[in-house]
Amino acid sequence: MASSPPHPTPDDRVVEVIVVGAGQAGVAMSEHLTHSGIRHVVLERGRIAERWRSERWDSLVTNGPVWHDRFPGMEFADVAPDGFATKEQVAQYMTAYAEKFGGPVRCGVEVTAVRRAEGAAGFVVSATDGQYRAQYVVAATGAFQNPAIPALLPAEANIVQVHSSSYRNPGQLPSGGVLVIGAGSSGVQIAAELQRAGRQVYLAVGPHDRPPRRYRGRDFVWWLGVLDRWDAATPPLGAEHVTIAVSGADGGHTVDFRRLAAEGVVLVGRANSYADGVVRFGDDLARNIAAGDANYLELLAEADAYIERNGLDLPEEPEAKVLGSDPDCVTEPLRELDLAAAGVTSIVWATGFTSDYSWLPATSLDENGRPRHRRGVSPEAGIYFLGLPWQSRRGSSFIWGVWHDAKHVADHIAIQRMYAAYRPAEPSTPADLLEPMSLETSR
């Protein structure tokens, strides 16, 4: 990574492109801009891959094996190809990757506002270290910015509440039971860790996809690739907010809610309301489990068909299709939980994130403050987005997916630079019109 002076010189403050954020999106964007010879700077309020460093729990590992979840230009040096990187290894990888191509990352600088320059092309970018000028701005902060905690429990409720981004380990929470709300990858991994630590855990399960970790000798990321699911342009109808329950913990395993229940986790439906110390749950638990099972079995069936169609010699795995009976907590679900009576002293909200793009021109956002874009290109000329879920395909939120999205954005910027640099040639006057025609030449 190219080092930056503590105080930018005037020349450092005028660049073609400003990239905001140095996570996986910002690093990928910087690589493509660097290779295209486009002068830019990446402004990062923390360190490279800061969210991996400081907004993840201690035992977190990636949900995909590193042969797949990486940038095309560099492998993980300290993780076996089929292994799952820790959060520290991901942060180190991102830093080393930026150093590899000399990414101009300026850490400790937060962008506070972007506005159109008056009477000139481009933008004025206000940051904590002063103002910058740029022709183009790429918002590479992604969509996972502000922890989303539903307004279910009042602030005066006598219970500890933490978001998954602030959760670190079981010892952080007071003794007693824990209600984990949200059963995507984060929720199920945190619930399992707390249960192993001797806590009584209640897990609120909403709609989810539940792919197999591995099937017939191949990881699910491979299956989604050969079945062309990573390139799906939009989520299935009605599944826009469905999470994926998959885990790389303990070497990687298929998330199995029945197994969690057998280990003592009490599964409940979606948390709907709270009053007088009691949380009330929806009647959707069995439906959500069944829908996750259907998603799981559908992928197995597609994999079997692919193997037969292509004549592959992969071992059969009939036991993968045996789901077992539903546990009592699913067939006779709790509809309400008196937190004090159950000994629950804390809640972990694994409920995702919201985004905040209020620092960008309002014309680049819709009425709900979300990015207006097509594959990251905003209708507000010169503004770009990167790192959004489903930005161009299902894989857009993954390290390898954001790399390909960044190339598309960088190519679009390069094309716009070409148009901006165009100057028509001066009209020329033919030499024979400069001199009077002689009688001889006129014949």
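Checking side-chain atoms of Asp256 against main-chain N and O of Arg259 turns up a donor-acceptor pair under 3.5 Å. Checking side-chain atoms of Thr95 against main-chain N and O of Ala91 turns up a donor-acceptor pair under 3.5 Å. Side-chain N or O atoms of Glu316 include none that pairs as donor or acceptor with a backbone N or O of Pro318 at under 3.5 Å. Between the side chain of Lys87 and the backbone N or O of Arg56, at least one donor-acceptor pair lies under 3.5 Å. A donor-acceptor contact shorter than 3.5 Å is absent between the side chain of Asp326 and the backbone of Thr331. Ser364 places a side-chain N or O within donor-acceptor distance of the main-chain N or O of Pro361, the cut-off being under 3.5 Å. Side chain of Gln145 to backbone of Gly142: a donor-acceptor contact under 3.5 angstrom is found. Side chain of His163 to backbone of Gly352: a donor-acceptor contact under 3.5 angstrom is found. Proximity of a side-chain donor or acceptor of Thr141 to a complementary backbone N or O of Val20 within less than 3.5 Å is not detected. A distance-only check finds a donor-acceptor pair linking the side chain of Thr254 to the backbone of Arg213 [under 3.5 Å].
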> Gln189 and Asn63: side chain to side chain contact (heavy atoms under 4.5 Å, CB included), yes or no, with the steps?
Replying inline: CA-CA 11 Å; Gln189 291 179 57; Asn63 285 327; 3.1 Å; yes
> What's the verdict on side chain to side chain contact (heavy atoms under 4.5 Å, CB included) for Gln391 and His373, showing C-alpha distance, side-chain angles and the deciding distance?
Replying inline: CA-CA 9 Å; Gln391 177 158 319; His373 74 98; 4.0 Å; yes
>> Let's go through Val348 and Val178 carefully: what are the C-alpha distance in whole Å and the side-chain angles of both, what is the deciding distance for side chain to side chain contact (heavy atoms under 4.5 Å, CB included) to 0.1 Å, and is it a yes or a no?
In response: CA-CA 7 Å; Val348 176; Val178 185; 3.9 Å; yes
> Do Trp57 and Ser186 pass the side chain to side chain contact (heavy atoms under 4.5 Å, CB included) test, and can you show the C-alpha distance, the side-chain angles, and the key distance before you say yes or no?
Replying inline: CA-CA 9 Å; Trp57 64 93; Ser186 297; 3.7 Å; yes
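Minimum heavy-atom separation, Ala271 to Val279: CB-CG1, 4.2 Å. Taking both residues in full, the closest heavy atoms of Ile48 and Ala98 are given as CD1-CB, 4.0 Å, listed atom of the first, atom of the second, then distance. Shortest non-hydrogen contact noted between Pro147 and Ser165 is CG-OG, 3.4 Å. The shortest heavy-atom contact between Ala204 and Gly269 is CB-O, 3.4 Å. Considering every non-hydrogen atom in both Ala342 and Leu337, the closest pair reads CB-CD1, 3.6 Å.
Residue pairs meeting the salt bridge (charged side-chain N to carboxylate O under 4.0 Å, His left out) criterion with at least one partner in residues 339-367, sequence neighbours excluded, are Asp366-Arg370. Residue pairs satisfying the ring pair (Phe, Tyr, Trp, His ring centres under 6.0 Å) criterion with at least one member in residues 278-307, sequence neighbours excluded, are absent. Residues in residues 190-199 take part in these side chain to side chain donor-acceptor pair (under 3.5 Å) pairs, two or more places apart or across chains: Ser59-Glu193, Tyr167-Glu193. The stretch residues 345-355 participates, sequence neighbours left out, in these side chain to side chain donor-acceptor pair (under 3.5 Å) pairs: Gln161-Trp349. Contacts classified as ring pair (Phe, Tyr, Trp, His ring centres under 6.0 Å) and involving residues 247-271 (residues at least two apart or in different chains) are given here: His208-Phe257. Among residue pairs with one or both ends in residues 15-44, those qualifying as ring pair (Phe, Tyr, Trp, His ring centres under 6.0 Å) are His32-Trp403; sequence neighbours excluded.
Exactly one of Lys321, Arg210, Arg287 qualifies for a salt bridge (charged side-chain N to carboxylate O under 4.0 Å, His left out) with Asp293. That residue is Arg210.
Rounding to the nearest 0.5 Å places CG of Leu227 at 6.5 Å from CG of Leu299. Interatomic distance, Glu380 CD to Arg372 CZ, rounded to the nearest 0.5 Å: 8.0 Å. Once rounded to the nearest 0.5 Å, the distance linking CD1 of Ile190 with CD1 of Ile181 reads 12.5 Å. Distance CZ/Arg280 to CG/Leu152: 10.5 Å, rounded to 0.5 Å. Here the CG atom belonging to Leu314 is positioned 10.0 Å from the CG atom belonging to Asn310, to the nearest 0.5 angstrom. Rounded to the nearest 0.5 Å, atoms SG (Cys329) and CG (Leu334) are 8.0 Å apart.
In summary, the side chains of Glu110 and Thr128 do not present any donor paired with an acceptor at a separation below 3.5 Å, with no hydrogens or angles considered. In this model, no donor atom of one side chain and acceptor atom of the other lie less than 3.5 Å apart for Thr62 and Asp69.
Looking at heavy atoms from C-beta onward, Met74 lies in side-chain contact with Tyr93 at the 4.5 angstrom threshold. Pro327 places a side-chain heavy atom less than 4.5 Å from the side chain of Val330. Residues Leu173 and Val162 have side chains in contact (heavy-atom distance under 4.5 Å, counting atoms from C-beta outward). Using a 4.5 Å heavy-atom threshold, the side chains of Ile159 and Ile347 count as touching.
Residues His68 and Trp400 place their aromatic rings such that the two centres sit under 6.0 Å apart. A distance of 6.0 Å or more separates the ring centres of Tyr132 and Phe123. Residues Trp230 and Phe398 bring their aromatic ring centres within 6.0 Å.
Scored by the side chain to side chain donor-acceptor pair (under 3.5 Å) test, Arg216 finds Asp304 as partners (sequence neighbours excluded). For Asn146, there are no side chain to side chain donor-acceptor pair (under 3.5 Å) partners two or more places apart in sequence or in a different chain. Shown here are the ring-ring contact (aromatic ring centres under 6.0 Å, His included) partners of Tyr384, two or more places apart in sequence or in another chain: His412. A search for side chain to side chain contact (heavy atoms under 4.5 Å, CB included) contacts involving Ile399 returns Gln24, Phe71, Met94, not counting sequence neighbours. Residues passing the side chain to side chain contact (heavy atoms under 4.5 Å, CB included) test with Ser126, sequence neighbours excluded: Thr112, Ala113, Gln131. Glu302 meets the side chain to side chain donor-acceptor pair (under 3.5 Å) test with Arg229; sequence neighbours excluded.
The existence of a salt bridge linking Arg417 and Glu16 is confirmed by a sub-4.0 Å separation between a basic side-chain nitrogen and an acidic carboxylate oxygen.
Within 6.0 Å of CG in Asn368 there are more than 12 heavy atoms belonging to other residues, nucleotides or ligands. Other residues, nucleotides and ligands place more than 12 heavy atoms under 6.0 Å from the CZ atom of Arg309. Applying the 6.0 Å contact sphere to CD of Glu88 captures more than 12 heavy atoms from other residues, nucleotides or ligands. Around atom CG of Asn158, no more than 12 heavy atoms belonging to other residues, nucleotides or ligands sit under 6.0 Å away.
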